[in-house]
Amino acid sequence: MVASARALLLEYGSFVVAQPGAARFCFGSLEQEAARVPLGYLEQNGGCLLATVDGKPAGFVAWRALAPSTQIVDAAWEMKRLWVRPVARGLGMGRLLTEAVISRAIAAGRKAIYLDTAPASMSSAHRMYLEMGFIPCAPYNSTLVDDLVWMVKPL
């Protein structure tokens, strides 16, 4: 299952790199992140989930704790790398993975979940986040992809 999670994470990275405005996205650092799944997320007080359809890996999401700052609510997580393979899109898997992270955050006593997304290339995900109660917020990281939107969901 770890190899499947790594493959999904690298598919996500390949998708991002292929988008306009993603020229500064560092695929090399994503490869390092994938090589350390799940340990890299666990070391940041987070985790990751792999979803399957008919026993085949089809979706991935990760999260990590965020250090408090002037832009971030104390006791917050950042949701990362939500990816659903094209064959599994339209099944509600992205929503289920996001709900699973939200449930874990609430159980862990977190007060908010942050994320960033690119509405132009990830319009379905952006729409889903809005429907799930995520709202725009100030940038909280230094992600180097053009046209990002930063969002938060108070818990």
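Across all their heavy atoms, Ala112 and Val152 have their closest contact at CB-CG2, 3.8 Å. In terms of heavy-atom proximity, Leu9 sits nearest to Ala34 at CD2-CA, 3.6 Å. Closest of all the heavy-atom pairs between Ser4 and Leu50 is CB-CD2, 4.1 Å. The minimum heavy-atom distance linking Ala138 with Trp150 is given by the pair O-CB, 3.8 Å. Contact record, Pro119 with Val149: CG-CG2, 3.4 Å, taken as the closest heavy-atom pair.
The hydrophobic clustering, which links ILVMFWY residues whose side-chain heavy atoms are closer than 4.5 Å, places Val37 and Met1 together. Put simply, Leu39 and Leu8 are part of two different groups of oily side chains (I, L, V, M, F, W, Y) that touch within less than 4.5 Å, one to the next.
In terms of the side-chain contact (heavy atoms from CB on, under 4.5 Å) criterion, residue partners of Leu42 (sequence neighbours excluded) are, by chain and number, Pro38. With sequence neighbours left out, Arg95 forms a salt bridge (charged side-chain N to carboxylate O under 4.0 Å, His left out) with Glu131. Remark: Lys80 engages Glu78 in a salt bridge (charged side-chain N to carboxylate O under 4.0 Å, His left out) (not counting sequence neighbours). In terms of the side-chain contact (heavy atoms from CB on, under 4.5 Å) criterion, residue partners of Ala88 (sequence neighbours excluded) are, by chain and number, Val53, Ala58, Val84, Leu91, Met93. In terms of the ring-ring contact (aromatic ring centres under 6.0 Å, His included) criterion, residue partners of Tyr114 (sequence neighbours excluded) are, by chain and number, Tyr140. The ring-ring contact (aromatic ring centres under 6.0 Å, His included) search around Phe134 returns Tyr129, not counting sequence neighbours. Residues passing the side chain to side chain donor-acceptor pair (under 3.5 Å) test with Ser124, sequence neighbours excluded: Arg127. Every side chain to side chain donor-acceptor pair (under 3.5 Å) that Trp83 has, sequence neighbours left out, goes to Glu11. Scored by the side-chain contact (heavy atoms from CB on, under 4.5 Å) test, Ser103 finds no partners at all (sequence neighbours excluded).
Checking side-chain atoms of Arg81 against main-chain N and O of Tyr12 turns up no donor-acceptor pair under 3.5 Å.
With rounding to the nearest 0.5 angstrom, the CG atom of Leu115 is 8.0 Å from the SG atom of Cys137. Annotation: the span from Leu10 atom CG to Glu33 atom CD amounts to 9.5 Å, rounded to 0.5 Å. Note that the CG atom of Leu155 and the CD1 atom of Ile102 stand 7.0 Å from one another [nearest 0.5 Å]. Atoms CD1 and CD1, on Ile106 and Ile113 in that order, are 7.5 Å from each other to the nearest 0.5 Å. Note that CZ of Arg64 is 12.0 Å distant from CG of Asn45, once rounded to the nearest 0.5 Å.
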(request) Kindly determine whether Arg104 and Leu49 satisfy side chain to side chain contact (heavy atoms under 4.5 Å, CB included), including the steps that lead there. (result) CA-CA 11 Å; Arg104 282 167 172 75; Leu49 295 170; 3.7 Å; yes
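Sorted by first then second residue, the salt bridge (Lys or Arg N to Asp or Glu O under 4.0 Å) pairs that include residues 107-123, not counting sequence neighbours, number zero. Residue pairs meeting the ring pair (Phe, Tyr, Trp, His ring centres under 6.0 Å) criterion with at least one member in residues 36-59: none, sequence neighbours excluded. The list of salt bridge (Lys or Arg N to Asp or Glu O under 4.0 Å) pairs with a residue in residues 41-58, not counting sequence neighbours, reads Arg36-Glu43.
You'll find the side chain of Val101 reaches within 4.5 Å of the side chain of Trp77, heavy atoms only. In this structure, Thr98 and Val61 have side chains that are not in contact, with every pair of non-hydrogen atoms separated by 4.5 Å or more. A 4.5 Å side-chain heavy-atom check between Val16 and Met122 finds at least one atom pair inside the cut-off.
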